[in-house]
Amino acid sequence: MNPEAFSEICDGIQREVERVLVGQDELVQQVLTAILARGHVLIEGVPGLGKTLLVRALARVLGCESKRIQFTPDLMPTDVTGGNVFNQRTQTFDFVPGPVFAQLLLGDEINRAPAKTQSALLEAMQEHCVTTDGVTRSLPRPFFVVATQNPVESQGTYPLPEAQLDRFLMKVEVGHPSREVEKQILRNHVQGFDAASLDATGLRAVISADDVVAMQRALGEIRVDEALLDYITDIVARTRAHRSIELGASPRASIALLSGARATAGMRGRDFVIPDDVKSLAPAVLRHRIILVPDAEFEGITADECIREILAEAPVPKSAA
Amino acid sequence: MREAARVFRTRRRRVGIGLAILVGLTMAAKTAAAEPRTARQVLANDAFGFCHDERYPLTEEEARWCPLLPTEDPPCPAFAAACGAPRAVEGTAGPWRQRRAGQQGTEEDDAEKPRERGPDDFQRQKSEPAAIPDSGLGPLAHVLLWVIVVLMVIVVLAQFRGTLGPSRKDVPDGPKPDEAEDRPDVPPATLEPDLTDVDRLLARAVARAERGELEAAVADGHAALVRRLAERGHIRLHASRTNGDHVRDLRGEPALQQPTRAVMRIVERVQFGHAPISRTDVDRLIAQVRTVLGTVAGAVLLLWTALACTAEGLERTKEYPWSHSPSGTAGVLELLRSYGMEIEYRKSTLDRDHAHGDHGDHGQGLAGRTPIVLDQAALDDAEWSALLRHVRAGGNAVVATRERLPPELEVEHVEREGDVLEPYGGLLEGESTRLAVPGHEGLSMGGDVDGYPLWVDAAGTPYAVVRLMGEGTIIVLADDRLLTNGALAIPGHDTMLVELLRGLPRLELVDGGLRSMTAEGGAKNPFDAMSRAHLTPVILQLLLLVLLLYLWRGVHFGRPRDPPPPSRRRFVEHVDALAQQYHRAGARRHALRLYVGWALDRVQERLGGRRRGLHHLAHRIATRTGRDETEIMRILVEAHDARDVSHQARESGQDDSAGYGSEDDLRVLRELGQLVDVTRATPKGKA
């Protein structure tokens with residue numbers, strides 16, 4: 001695919017989504033990057049910031065089917081994956097697919113469900129298939145999960161284990177919009193905007209689900225210089241040697257950084273990756289994959305600060321190898 | 001610490017050497033000043049512009065010396081030529097007034113042209129006193145002043161360099177020679193641009209493009225751009241910063257950001273892309289680099305143009321200090337001082353007591369001094385009385401003013417004829433005792449007055465007289481022209497002046513302007529002070545500089561610094577605070593119990609002896625660490641007892657610390673802590 005055309009399509013998608021989701025440009029861009037990189041996104045933010053609206057709008061603009069799961073403590077794995085139900089008419093067990101059988105899935109407040117239910121989803125995210133009663137069923141393509149968790153409430157929650165967090169390509173932190181943006185949101189509502197009915201907004205599909213898959217495939221043609229592979233491994237290796245980090249990022253993080261950087265390059269209309277692609281993506285890709293030492297946590301050091309420090313020290317490749 | 005002390009000693013030694021040099025300079029200056037000098041030598045100083053600048057703007061009053069100037073071998077060579085130059089326009093009133101060249105022949109100039117001074121002008125002149133010809137600072141103070149000024153300039157330049165230039169900590173973007181050795185995987189061609197001169201880099205880029213070395217040309221163009229932007233403080237260079245970071249640094253400067261972004265795109269394509277670079281791309285890159293460099297240069301050019309404009313403005317208003325003009329007295333002071341005479345300006349009124357600084361005991365402040373009353377002195381009755389009392393008491397004075405003289409002096413102003421004055425009755429000795437002083441001011445002394453003339457005109461009207469009063473003497477001159485720099489331009493005047501004043505103790509020039517300035521406490525407000533010090537153009541120039549910097553770099557021209565990071569408590573401080581809380585609550589044994597429980601759990605967890613008793617655990621620890629098993633068992637038992645006793649006492653509500661000292665508890669803590677440490681090295685997989 002032509003890089004300029006690739007970039008033009010991405011810009012069109014962003015513009016269309018931003019028609020209904022005001023003031024979350026960066027969030028939209030990062031989520032789109034993750035979609036193109038075949039990854040999943042964990043969004044950390046308080047309720048009411050438009051996460052559901054984002055997924056619904058994206059699904060419509062990308063021509064994909066979307067579903068939503070509200071995670072609760074009593075949610076069972078079969079509530080996510082679906083299960084075999086006895087069909088009295090046919091006297092057989094029929095498989096009833098769960099909400100996970102969608103192209104875009106919003107897992108709201110994923111940390112409210114117990115680990116068993118979480119792992120049912122996380123397995124689907126990693127393997128892109130669901131196994132029930134010994135039968136493995138593939139999930140539709142593209143398959144993309146946006147999971148959210150509330151950073152404020154901790155009572156009655158089941159924090160995601162580090163190994164499972166690693167399966168999210170990036171973790172995006174969403175803050176409250178600025179006053180101007182919030183006023184614009186109100187103005188839209190005054191003019192009749194209703195988040196529940198996107199039909200009324202005239203939101204159109206910019207591409208189809210097949211186009212999304214084609215775009216994901218096209219990213220494989222984006223060139224990554226050997227020096228950039230060194231840069232990525234250097235950054236990830238530094239997370240393992242940092243004084244405030246007990247557990248550094250895994251090789252899966254390197255792969256995520258690479259695929260994310262390719263997606264970023266494609267979105268910016270290039271058929272090659274540059275260091276800036278890697279550097280700009282590193283915080284979102286790495287922040288949920290590292291564990292700080294207790295001393296650092298006591299001192300209030302955050303993962304983002306450690307990553308910033310690493311990026312400020314890692315030398316950037318200046319030329320092709 | 002030793003290093004700091006050594007540095008301090010070195011600096012102290014340097015300061016000592018510097019002071020010694022200053023003192024030496026001061027002594028040399030004093031020695032040089034003690035040599036008697038002639039008027040020719042004094043006026044050879046360039047500061048006396050009227051002797052060196054043929055376009056020196058004279059006032060009408062000063063131009064009256066012109067007919068009297070010698071034509072052959074004049075001591076003041078350019079004075080005669082300056083007589084034909086346009087006349088001066090006097091600057092603002094005040095003791096620091098100066099002059100600048102004016103236009104000749106316009107009606108305005110004629111209107112402002114100074115008239116010949118007469119008694120009616122005195123009131124006007126009182127508000128326009130002569131400048132202070134000497135600051136009164138000693139040579140040491142002069143040297144120190146200049147040292148301070150030079151240091152300040154250096155500090156300001158260093159600050160500018162630190163603010164606008166790249167930080168020393170910043171690592172240049174371009175590779176260093178030794179980096180090539182460290183990174184053998186990078187082709188040498190890409191590391192080649194080690195030039196630091198931007199123009200040469202750009203020239204090399206063009207040359208390489210001509211030769212077809214396109215990638216090297218791109219590297220040179222990129223290096224030139226980045227270096228120039230860094231030099232101007234637009235971007236910050238560091239090995240970890242990407243081209244995108246540099247473009248974002250220029251966020252507030254769209255004129256620079258757009259072409260820089262275009263350049264970076266081409267550079268990145270060469271560096272990381274796979275499409276071949278074309279000559280058109282390189283030409284476009286060089287053009288964009290030139291655009292950026294031109295923008296930067298334009299800003300600098302604008303800055304310098306503005307500075308040049310203000311400098312031109314200063315040049316156009318070139319001013320000559322009054323003290324070194326023909327009307328000033330700097331030359332006279334220098335001449336007399338070279339003969340060892342003490343002479344200075346009097347800063348207080350004549351009736352002020354020098355010793356005590358009050359107005360009581362009139363006249364006593366003049367003891368041992370010789371006041372020289374100049375034209376602008378404007379003495380009041382009290383001061384005249386003090387002066388006359390001083391003379392009658394045996395003191396000396398020189399009165400060289402056209403102001404009204406006190407009746408007690410019995411000398412009056414009259415008109416005289418001619419400029420040439422002959423010594424009266426051979427009272428003065430020497431080969432050339434004739435004076436040539438312009439003007440019509442003469443003196444008249446009653447026939448029975450105790451005194452005698454010194455110089456008289458052709459009609460016998462005295463120009464200078466000696467008046468004997470009581471025990472002392474007053475030399476009265478018809479005006480103060482003989483005491484001005486202009487008089488030194490006439491051969492022989494210097495000798496006459498020295499002879500006239502030699503032998504008089506400690507001369508004090510009494511100038512009304514200076515006295516009023518010091519009496520009023522100087523400038524009334526900061527603007528007045530700036531005006532008097534002629535700092536207004538400099539301040540305006542600095543303000544303009546600040547404005548240009550603001551326009552050039554926006555609010556970032558001061559390079560915003562990151563706020564200091566919020567101080568965090570270290571982990572050990574948290575632990576310390578927690579221990580203090582336990583201590584205040586008297587929960588020493590409780591804390592011990594908690595720690596022992598935690599430590600035993602960790603050790604058992606690591607060595608797998610959780611349910612097999614202390615003996616097994618001690619054996620495992622001894623096997624793993626090679627320590628004495630009995631000793632380990634003792635530690636474990638004590639720790640175990642401490643936990644159990646404390647637990648039982650807590651449940652029964654008894655004091656659990658009975659029978660245990662804090663030292664015992666501390667020992668148990670430490671010994672157990674050592675066990676935890678030695679077992680920590682256990683591989684994770686085995687734990």
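Just so we're on the same page: letters track the sequence lines, and every chain starts at 1.
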Return yes when atom [atom1] of [X] has more than 12 non-hydrogen atoms of other residues, nucleotides or ligands closer than 6.0 Å, and no otherwise.
{"X": "B:His574", "atom1": "NE2", "result": "yes"}
{"X": "A:Gln126", "atom1": "CD", "result": "yes"}
{"X": "B:Arg670", "atom1": "CZ", "result": "no"}
{"X": "A:Arg217", "atom1": "CZ", "result": "no"}
{"X": "B:Arg211", "atom1": "CZ", "result": "yes"}

Note to self: I'd like to know which of B:Val572, B:Val575, B:Asp245 tops the heavy-atom pair count under 4.5 Å against chain A.
What the structure shows: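 Counting heavy-atom pairs under 4.5 Å, the top option is B:Asp245.
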Note to self: What part of A:Ile222 gets within 4.5 angstrom of chain B, counting heavy atoms only: side chain, backbone, both, or neither?
What the structure shows: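 Nothing of A:Ile222, per the 4.5 Å heavy-atom cut-off to chain B.
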Next item on the list: Please flag which part of A:Val273 lies under 4.5 Å from any non-hydrogen atom of chain B: side chain, backbone, both or neither.
Entry: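 The answer is the backbone of A:Val273.
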Item checked: CD1-CZ distance between A:Ile274 and B:Arg269, expressed to the nearest 0.5 angstrom ->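 Interatomic distance, A:Ile274 CD1 to B:Arg269 CZ, rounded to 0.5 Å: 13.0 Å.
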Next item on the list: Could you tell me whether a side-chain N or O of A:Lys279 sits under 3.5 Å from a main-chain N or O of B:Ser240, the two making a donor and an acceptor?
Entry: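 A pair under 3.5 Å: yes.
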Notebook entry, point to check: Quick one: does B:Glu268's side chain get under 4.5 Å of A:Phe272's, heavy atoms only?
Noted result: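 A side-chain contact under 4.5 Å exists here.
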Check: What closest approach, in Å, do B:Phe272 and A:Pro275 show between heavy atoms, and which atom pair accounts for it?
Finding: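 Closest approach of B:Phe272 to A:Pro275, heavy atoms only: CE1-CD, 3.3 Å.
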Next item on the list: Give a yes or no on whether a salt bridge exists between A:Asp276 and B:Arg241, defined as a side-chain N under 4.0 angstrom from a carboxylate O.
Entry: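 No, this pair does not count.
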